[in-house]
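The shown structure was predicted, so the numbers you read here are calculated from the model rather than taken from an experiment.
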Amino acid sequence: MASTHEGHRIHARATDWRFTIVLLELTVPLEERMYEPVTSYGAAILGTRDISCVNAVQNRAIKYAKGVDARRMSGFKMYVSNTSTIPPDGYLCYEDPGPGLPNITQSIPCYQLGQYVIYYDTTGSGGDGPVVELCYVAINGCNKTFWGNNCSQSCSDNCIGQHCFPENGSCVWGCNCTGICNAHCLDGCTENRTGLSCKKYNLASAGIVSQSSSSNQPFGRVNDGNFSSCSTIEGSYTWIQIDIKEISIASELYFIIAGNNTQVGNHTIYASNSSGLIGNETFIYRNEFLPSEIKISAVFRYIIYAPPIQRNISEICEIGIAGCPPTQFGPLCAKPCPVNCSGPCHLETGHCTYGCLDRSFGDKCELGCPPTQYGHLCAKPCPVNCSEPCNIETGHCTYGCLNGSIGNTCELDSNCYSRVDENYILRCNPEIYKIYPSSGPVNGGTLVTITGRFIGNANDNVTIVFDGVPCHNVTVLTPYTNLTCVTGSKHEFATNISVSVHGKRSGSNNLSFKYQTPTISNFSPTNGIQSGNTTVTITGHNISYEGQNRYNISFYDDTTSIECSAIQSEFSSKKIKCKTGKTDVSRNMSRLQVVIDDLTILNVTGIFQYLPDPQFTLSNESNKAQQSGGATFTIRGQGFNNVGEITVDRVEKPCNVPEDTSAVCETPTKLANKSNSQTVYVRFDGVTLPVTIDYVDDPTFEKFSDVYEYDKESPIEIKGSNLLNGAKPGDYSIQIGLDGKCIDVNISMQLITCLPPKSVPRTNHTDVNSVYVIVFVGRLKVYIGDLKYQEDVEILAIIVGVLAAALVTAIIVGISAVVLLRRKKKRVIKEFKMELMTREEMIRKASREEFADAQMNIRDIKSDLVTTRVPFCDYQTYVLHLLFPNQDIKSNPLLHDSEITDDKKTRINSAMEKFETLLSKKLFLKSLVQTFDRPNMLTMQEKAHFSSVLSISLLGNMRLYFELVHCLLVDLIRTSTKKNQKSLFRRLDSITMRLMVNWLQTGLYKQLKSHSGMQLFMLYKAVQTIIEMAPVDALTANSKNTIAEEKLLKMRIEHQTLTLQIDLNGNSDQHYPVKVLDCDTISQVKQKCCAQIYKNKPASEIPHNEELSLEWQEGRSGKLTLNDIDNTSDRNNGLVCLNTLKHYMVKDNCRMALMYKHIDEEDVYANSSGGRLESVTSEDIQLLVSGSDQGEDTEMQKWHLETCSPNLPDDIKSNKETDFGDIFLNRLFHTKLLLSDYIDSTFEGLIDSQSLSIPIRYFLCMLDKFGNDYKIESDVLQAWKNECYAARVWAPFIAKPDILFDVNVPGHVEPCLDILRQVFVESFTQTAHKVNKDSPTQKLLFHKDVPRYRKLIGPFFKGIEPVNDQAFWSEIYELSNKQKAELKFNRQLTFQQLYDLFIGKYRSEILEDFEDMEESRDLQFAKKVEEIIDLMEECSTNS
């Protein structure tokens, strides 16, 4: 701590009287340096350039040249001044008392602030006058506002002007803290204060000071606050003690010791609650150097200071103890501690550090605990039999027990325990209520906890037995109620679990312990990063057990083992998970070991690769995000595919890894009360990357001022502000209605424009044309307003135009006929004109009716469809429908057990095991498929069946299945000519194509259930509902509402809509309203009743028509069973007309009963248990009951609404208008209009790239790779994609909804669905869509729609996000596990059917091909197949 200037031979004569040395800003160590004397006469001025450079002059060191000549400097003075005026006008620091000889070496203290230090002498000695003769001058101090050895510590802000003494930091001009410190902190502290700035409360001020020596010095000087008054300690082994009178908390100690505080030996400070050094003290400090301030945190009553033992005399000027009395806290101990604190409270917060009194709790013991509770936050109830209150910490019943109970917690029944000394002796039999965990490995070692009553204490003789097998290491957790033990080895259920205490054994109970044999088969993923923390999933059987710390999982190689920490919360019945440990280098671990309950050791061989940690490319760009979170940011680097999962703290969704060099993550919500710039942590398994996010205000949006009228053409506008400030355009999603999305979205800082779907999405509004608009951005969900679709009148105008054209055509035909018949007689001409007029009137009437039908209430249709639950098939049924479309799934032989006799079973099993091994090899499968794919080898039916059975054998190993399809496609593409490349995927005549389709469709179930299935089902139900709202011929399936011309009902049918009140059991008060047509047959009515009553049920759970009867119940006296044919049916000329509701003259709102048909002459009702209802029928109705001869009716031709028979009577013929059937073609347009919303919604949903499943996306990207590898032309590659996606994946689901859904598709619905399938496939074709007058009707119907759909195909394929290998294989692994769990095919029968139908039948061709193929020959496939054939033939010979 020095700014020093050394004098060099300073000499001044009396005539000059002064000599000036300018003190530069130097730092020189204080050393003794003797030079040749320099003599001067008068004054020496030592100063600084700038008054602000030196804070205070601490001292000056002056050495004189000669001891004899020093008298010439007698009487000198030393000043500190801000000017160089002579005589000096500054502060007089020192004046030599003279006359006499001054000390030749002096250190003069002078704590003042100044620019100049002036040595001034006017006296001197001798005749020469004053002489300045100096050898060495040093001025010590610090720059302004600093102090300390190196001038590195800042002066206190409380010092006036922030000026303090360089040596100890005390305030030079006093303190700003009025009332706390005295005028000069250098002198000490008053008013019970201590510390360098006198800001701390001094516990020592009121203390009692004592010491071990016999000194007569007054002890009170040590704690009087005055630094200049000191007490002396004499002797080698002495100490001084301050008693602060009560136990208190202290935070600092302050010591002021006279002289040098560094001595040989240690300064020692003790804290104690007892007086004197008696051996139970606690060291607080021990060192050779004693600082002025010592930080502590201790609770004591006595502080004892022992100086170094080599120091016989010590002067202690002040000991300060900063702290508070035990009842106070705060800066000046001015605040009282909480009244319920047990002991001193925290000095700063006032928290009750040492607990609470009087059943209180909380940081400040401010919360009371009721007498019936105890424990942390009073969360535990006191024992039931406690005499309140119980001990707040232990729950012990301090005040005794009630109800005759005994024990610390009154848990013991005095009738069952007797107390002997300090022990309780059991007199009752133990009882056990629970065992946990309830399962473990057969090797034992499971630590189980048994809960019960009377089950012993620590000193009791307790034994536990599981069906005769002892449970070892019995430990008492809670006396008499909880025990633990370790199970022994056993190989079956243990159902007799007993506890014995001193020979008293527990009685029978219903507890059991399940012994299981665990096995492990696989683990995934097979790689992770060196920093570990990768989640590994281990699969097996019986490997998941309840309880903590039961697993010890590690990876091993030849020299190293790395632990994988079990994640107990992630376990399931067949899988467990763990987190990998760290390793310093990349390595391949060759084995995974799972140890369960210490005794069960399971191993699985497989490589787990430790790959290098990801590397990050840091960017200077700031990541801005909205405060609500959810915006995306991108991290760039490399090695991201090595990571199992990338997550962001406080974000549930893991990051997306589109490629190895980037990860796209979502931002979390901004933490409240924090700055806008926050650090979030991205976890790359075991690597953590801090990312700085600059949060900005969320975007704001303007709501629609009114309902937004949408014309289906123009984009809509959504206004707002700061839309792109913290989000990217890709973060936005605009939802229209329940399932619609805006497309072609453009976003600027203040405006969003987008194009809603052309068709009205589903809505929950009462107005089916009104939907809500919601903007999603990140985690924001903002309702903008309602959007109303304008009514589409274009198609209605087309219909009117078509009707008018048909009318004009008819008139022209009539006129032409008149011209042709002009030469006939006038009577014929007159008759023809009359007939033409009749026909024209008929056409006009039909046109008016059809136009009125076009105004059908679509709202009712939509409301029914929205509320209908989707009846998906289970996964196994779905697979069977796909692979065996024309077979009864219940009779499929692959689902049943084998009927092979025992003597043949062993050989067949051996053969099939060998066959299964071959089928697990990709090259064998490839060779086998290519053999059967040769021309003329198999029929088309055989190829289809072979593909299906082979697919069944591969399900559960979708990776092998995919690799087979991949290599088959590679060979197919590689060997194809350029001419036939475009049609390569168009035909389904090869096994390769069929296997590809089967792989794609069996992996589609997840997407179908979560997204696309709903839209397909809505389309199917819309078609069925709209067709059945109009007449449908029950026999020909021709209908009024259809889009299939060949199934159009080309006649006018007079009909009315009726509402029937259906009583489900015939005796219920609940009626179901069902809408029917009076022209419906009885079977059609029953179907509509079932559809309405069971509309949330799968078809397999709905009764069949043949099982039900329909009874008309009116009034109290009669009922009539309605049938399609009975003795009242109309019969003419060998024809019988099916009965309708009109035939029975049923009126609106009639009551009907739907029941099961009579069995054993009893009335058994639908959904009943067989209750009997007596038939009460009036005589008038008796004659109408079915009673016709069924044999007679079977010989007659039946008809409903139309028939081709010429034998119809004239009154029926009059209703037929088939001669003018073309006028009814407008019904096709009418039906297509009603279906257009659902068609658009379904097609747009199927080409939504965001909802595509991972396998489909990966497959399409694989086709792109094929195109690059084999230089496929772009139009050919696009044709491949179109065929695979449209014709192979989705077209079957459109045409055959019963593949996916548990429904019975009516015959009148199938033609319409087939046309929609054709339209969907045509939308993906690349040929021009041209129509003319000869085009099929469906082309005319959709000639404007197909081009519109085609515009969406290009953006759809471009919008498909690529899938990395890791995500794909993970999805394939999950799909394989699902198939293993849910598909119950008999694998042996599957292999046997492959052998019987194909291998055995075509053995010679297979063996010949295998010998010719180089790969097959090298692997000896032919030999292995021959072994299988020999085994199977041996079985046949023996039979």
Side-chain angles (χ1 to χ4, degrees), residues 845 849 852-853 855-857 860-861 864 1025 1027-1034 1039-1041 1049 1051-1095 1105 1108-1131 1136-1155 1157 1163 1165-1166 1173 1175-1188 1199-1202 1211-1212 1214-1215:
K845 183 178 180 181
E849 290 176 355
D853 287 343
Q855 309 303 314
M856 291 172 64
N857 194 337
D860 293 341
I861 300 173
D864 285 343
T1025 303
I1027 291 176
E1028 293 178 356
M1029 289 185 70
V1032 178
D1033 191 286
S1039 55
K1040 177 182 177 183
N1041 287 348
L1049 191 62
M1051 61 185 302
R1052 178 169 53 85
I1053 304 295
E1054 297 287 349
H1055 67 278
Q1056 290 184 348
T1057 301
L1058 305 178
T1059 301
L1060 303 182
Q1061 302 298 327
I1062 303 299
D1063 182 348
L1064 186 57
N1065 290 319
N1067 56 0
S1068 172
D1069 293 333
Q1070 182 181 5
H1071 292 168
Y1072 296 89
V1074 178
K1075 289 185 177 181
V1076 297
L1077 302 178
D1078 62 356
C1079 61
D1080 286 341
T1081 66
I1082 306 306
S1083 293
Q1084 289 176 326
V1085 172
K1086 287 190 287 185
Q1087 286 176 350
K1088 290 183 178 180
C1089 290
C1090 289
Q1092 178 64 24
I1093 295 171
Y1094 299 99
K1095 66 180 176 181
N1105 267 2
L1108 301 174
S1109 64
L1110 187 67
E1111 287 189 354
W1112 181 12
Q1113 299 178 342
E1114 283 297 328
R1116 298 180 179 178
S1117 60
K1119 64 179 182 179
L1120 175 64
T1121 300
L1122 308 185
N1123 294 289
D1124 285 337
I1125 298 177
D1126 57 17
N1127 60 355
T1128 67
S1129 301
D1130 295 331
R1131 294 171 173 82
V1136 57
C1137 181
L1138 300 183
N1139 294 338
T1140 63
L1141 294 180
K1142 183 186 292 186
H1143 168 78
Y1144 286 111
M1145 295 180 289
V1146 175
K1147 303 299 181 184
D1148 196 23
N1149 274 318
C1150 280
R1151 180 184 174 192
M1152 298 280 181
L1154 188 66
M1155 304 177 295
K1157 290 185 176 179
D1163 291 338
Y1165 303 115
L1173 178 68
S1175 177
V1176 181
T1177 312
S1178 68
E1179 294 181 357
D1180 294 334
I1181 301 179
Q1182 187 95 25
L1183 298 174
L1184 302 180
V1185 177
S1186 174
S1188 63
W1199 68 282
H1200 176 206
L1201 300 178
E1202 62 177 359
D1211 57 338
I1212 299 176
S1214 63
N1215 289 329

Task: Any donor-acceptor pair under 3.5 Å from Gln1084 side chain to Val1032 backbone - done: yes

- [ ] Test side-chain contact (heavy atoms from CB on, under 4.5 Å) on Val1146 and Val1076 and set out the steps.
- [x] CA-CA 11 Å; Val1146 175; Val1076 297; over 6 Å; no

TODO: Please test Leu1120 against Leu1122 for side-chain contact (heavy atoms from CB on, under 4.5 Å), starting from the C-alpha separation and ending with a verdict.
DONE: CA-CA 6 Å; Leu1120 175 64; Leu1122 308 185; 3.7 Å; yes

Contact summary for [X] and [Y], nearest pair of heavy atoms:
X	Y	value
Thr1121	Asn1123	O-ND2, 3.7 Å
Gln1113	Ala1153	NE2-CB, 3.5 Å
Asn1149	Gln1061	OD1-NE2, 3.1 Å
Asp1078	Glu1054	OD1-O, 4.5 Å

Open item on the list: Among Asp1033, Thr1140, Thr1081, which residue satisfies the side-chain contact (heavy atoms from CB on, under 4.5 Å) criterion with Leu1201?
Closed with: Asp1033

Nearest-0.5 Å distance that lies between atom [atom1] in [X] and atom [atom2] in [Y]:
X	Y	atom1	atom2	answer
Trp1112	Ile1082	CH2	CD1	10.0 Å
His1071	Thr1059	NE2	OG1	14.0 Å
Leu1049	Glu1202	CG	CD	5.0 Å
His1200	Asp1124	NE2	CG	9.0 Å
Lys1075	Thr1025	NZ	OG1	12.0 Å
Ser1083	Ile1125	OG	CD1	9.5 Å

Task: Side-chain heavy-atom pair Leu1077, Ile1053 within 4.5 angstrom cut-off - done: no

Task: Chi angles and distances behind the side-chain contact (heavy atoms from CB on, under 4.5 Å) call for His1055, Lys1040 - done: CA-CA 12 Å; His1055 67 278; Lys1040 177 182 177 183; 4.0 Å; yes

TODO: Determine, stepwise, if the pair Leu1154 / Cys1090 fulfils side-chain contact (heavy atoms from CB on, under 4.5 Å).
DONE: CA-CA 9 Å; Leu1154 188 66; Cys1090 289; 4.1 Å; yes

